[in-house]
Amino acid sequence: MQTQIAAGRVYDFSHAVGRSAASGTGFRMPVAVATGVGTDAASYVISRGFEMIPNVHWSRTGVGTRVTKVIFGGISGEEELVNEFGKYGEDPGRFIWPAGISVDSQGAVYVADEWLNRVSIFDGDGKFLQCWGTSGAEEGELDGPSGILIDANDDLYISDTRNHRVQKFTKDGVLIAAWGGLGSGEGQLDSPWGIASDSEGYIYVSDHMNHRVQKFTPEGEFVASFGSEGAGRGELGRPSGVAVDPDGDVYVCDWSNNRVQVFGPDGRFITTLRGDAYELSHWAKMTVATNPDAVRRRREVPNPQVEWRFDMPSDLVFDTANQRLLVADTQRQRIQIYNKLKDYAIPSRTI
C-alpha cells in the first residue's frame, strides 16, 4: 500500500535510496540515520557491512564501515552522495562497530561505537574532531553504546545497551545523569537500543529485549510504556530505532517483525508500515542496467513484492523540515522514505 491512511494520518511512500552491497557506492547494511537542520540539509547514514575485496571472498573485516553524507532530494534521482568518512579500525576517527548517529545544533556529527565504547565527533564534512568514552559499568562508563540523541541544549543521551541504562553527557563527555537498570519493571531496561525525544523534551527508549518503548522525563523519571511482545497490531518484536514527529506520533522499527509501527502521542496504535519500494532506487537502477543478465533474472521473480518490503529495519528518523520519515532498511541496503501529508484529499470514487 503506497499511500496509507489511518486515524487522520496519511503516509505516502516517496522513494528509496540505496544500492546493493556489492556495488561501489551507496550503503552497506545501513544501521543508523540522522538528519541535519533545514530543508536542504544533508543526512548521515552509518554503514556497518561488508565488501568484496579483490581476489578475496566476501569479507567481514569491516571495510564497509563508514558514514555516508547524502542529500536525499524530494524524488528518486535527485539524491546526491556528498562524501564518505570514517574507516574500520581502532585509531581515533575510525570505527569497529558504529551503532548510533546524531547531529548537534552546530552541524557536528556524533557516532556511538558499541565495540570501542566511545563517541567519535566529526565536523559536518567528516573531519575528525575528538572522541571520548571509557569501557566499564561505573557511572560515566559505557558498555555497548548504541542509540544517541542530542537535545536542544546539545547534551547527549546515550543508550548504554549492555549496562541496561540511559546516560546523559555534555557534548565533551562529562556525565550529567544516568537511569535504568536491568529488569522488566517500569523504568527498568533490557538492552535499550534506539532513543529519541519529542517537542516537549520527553525521552523515548526502545527497550529491545522487553519488546516495548518507554517514555521518560528528561531527568529519567518513568512516564509511560507501550507495546508488548508479539507480531499483532501494536505489538513489537525486539524494537530497535525510535523517532517522534512534531505531532507527537511515535515511530518504532519493529526489528524482528520486519516493519515500522506507528503510535499516537498517547501510545495508541495507529498503523503499520511494511515497506513500499515497488521501484528500484535510482542508484540500483544504474547497477542493474549494466548487467543484462540481472535484468532478465529480475523478470523471472515470481513475487516481486517481497523486494518492496522492509527486512530487519534498524533505525529511523523523522525529517521535520521536509515532513518525512527516513527508514534504514538494513538488510535491503537502502533508505525508504515516506512523506507525512497534511493536505491530502481523498479522491472521489466514480461509479
Side-chain angles (χ1 to χ4, degrees), residues 11 14-15 17-18 27 30-47 66-75 78-86 98-112 119-131 146-159 168-173 176 194-204 218 241-251 253 265 314-328 335-342:
Y11 298 102
S14 176
H15 62 291
V17 177
F27 313 127
V31 296
V33 57
T35 58
V37 179
T39 56
D40 298 324
S43 297
Y44 298 86
V45 179
I46 290 178
S47 287
R66 63 187 180 216
V67 174
T68 300
K69 181 179 181 180
V70 58
I71 297 173
F72 284 117
I75 60 175
E78 288 186 347
E79 57 266 31
E80 176 188 351
L81 193 153
V82 181
N83 68 354
E84 296 175 329
F85 58 91
I101 190 166
S102 193
V103 182
D104 73 12
S105 64
Q106 303 303 307
V109 181
Y110 296 69
V111 179
V119 174
S120 296
I121 307 170
F122 303 82
D123 70 13
D125 294 320
K127 178 184 177 182
F128 175 69
L129 301 176
Q130 64 168 315
C131 60
S146 53
I148 182 169
L149 161 70
I150 300 178
D151 68 12
N153 297 318
D154 280 345
D155 292 325
L156 278 69
Y157 294 82
I158 295 177
S159 293
K168 181 179 180 180
F169 298 88
T170 68
K171 61 183 180 181
D172 296 318
I176 298 173
I195 188 167
S197 64
D198 63 20
S199 59
E200 297 180 342
Y202 288 101
I203 308 299
Y204 297 74
V242 61
V244 187
D245 72 18
D247 300 321
D249 289 337
V250 182
Y251 306 85
C253 279
S314 294
D315 193 30
L316 74 180
V317 64
F318 194 85
D319 177 4
T320 300
N322 294 290
Q323 285 295 297
R324 62 187 184 180
L325 184 69
L326 312 177
V327 184
I335 304 295
Q336 291 205 47
I337 302 173
Y338 287 83
N339 295 320
K340 187 179 186 183
L341 304 182
K342 295 290 188 179

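Hydrogens, waters and symmetry mates play no part in the numbers below; they use all other heavy atoms, side chains included.
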Next on the checklist: Are there over 12 heavy-atom neighbours, none belonging to Lys171, within less than 6.0 Å of that residue's NZ?
Outcome noted: no

Non-neighbouring partners of [X] that pass side chain to side chain donor-acceptor pair (under 3.5 Å), sequence neighbours left out:
X      : result
Lys340 : Asp245, Asp247, Asp249
Tyr11  : Tyr251
Ser105 : Asp154

Next on the checklist: Please report the interatomic distance CG(Leu156) to CG(Leu149), rounded to the nearest 0.5 Å.
Outcome noted: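 CG of Leu149 is found 8.0 Å from CG of Leu156.
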
Checklist outcome for this item: Interatomic distance, CG@Leu326 vs OH@Tyr338, rounded to 0.5 Å, equals 12.0 Å

Checklist entry - What are the two closest heavy atoms between Ala112 and Ser146, and how far apart are they? => result CB-O, 3.5 Å

Checklist entry - Which atom pair, heavy atoms only, marks the closest approach of Ile203 to Ser197? => result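 Where Ile203 meets Ser197 most closely, the heavy atoms are CD1-CB, 4.0 Å.
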
Say whether, by atom type as modelled, one donor and one acceptor occur between the side chain of [X] and the main chain of [Y] under 3.5 angstrom.
X      : Y      : answer
Asp104 : Gln106 : yes
Asp151 : Asn153 : yes
Lys69  : Gly124 : yes

Using the side-chain contact (heavy atoms from CB on, under 4.5 Å) criterion, which residues pair with [X]? Sequence neighbours excluded.
X      : result
Val45  : Phe27, Pro30, Val33, Val70, Phe72, Ile335
Gln323 : Pro246, Phe318, Thr320, Lys342
Asn339 : Ser14, Arg324, Leu341

Item to check | Trace of the side-chain contact (heavy atoms from CB on, under 4.5 Å) decision for Leu316 with Leu325 | outcome: CA-CA 7 Å; Leu316 74 180; Leu325 184 69; 3.9 Å; yes

Item to check | Criterion side-chain contact (heavy atoms from CB on, under 4.5 Å) on Val242 and Val250, from CA distance to verdict | outcome: CA-CA 7 Å; Val242 61; Val250 182; 3.8 Å; yes

Checklist entry - Out of Ile195, Ile148, Ile176, which one pairs with Tyr157 under the side-chain contact (heavy atoms from CB on, under 4.5 Å) rule? => result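 When Ile195, Ile148, Ile176 are each tested with Tyr157, the side-chain contact (heavy atoms from CB on, under 4.5 Å) holds only for Ile195.
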
Checklist entry - Is any side-chain heavy atom of Pro98 closer than 4.5 Å to a side-chain heavy atom of Val67? => result no

Item to check | Test log, rule side-chain contact (heavy atoms from CB on, under 4.5 Å), inputs Asp172 and Gln130 | outcome: CA-CA 9 Å; Asp172 296 318; Gln130 64 168 315; 3.4 Å; yes

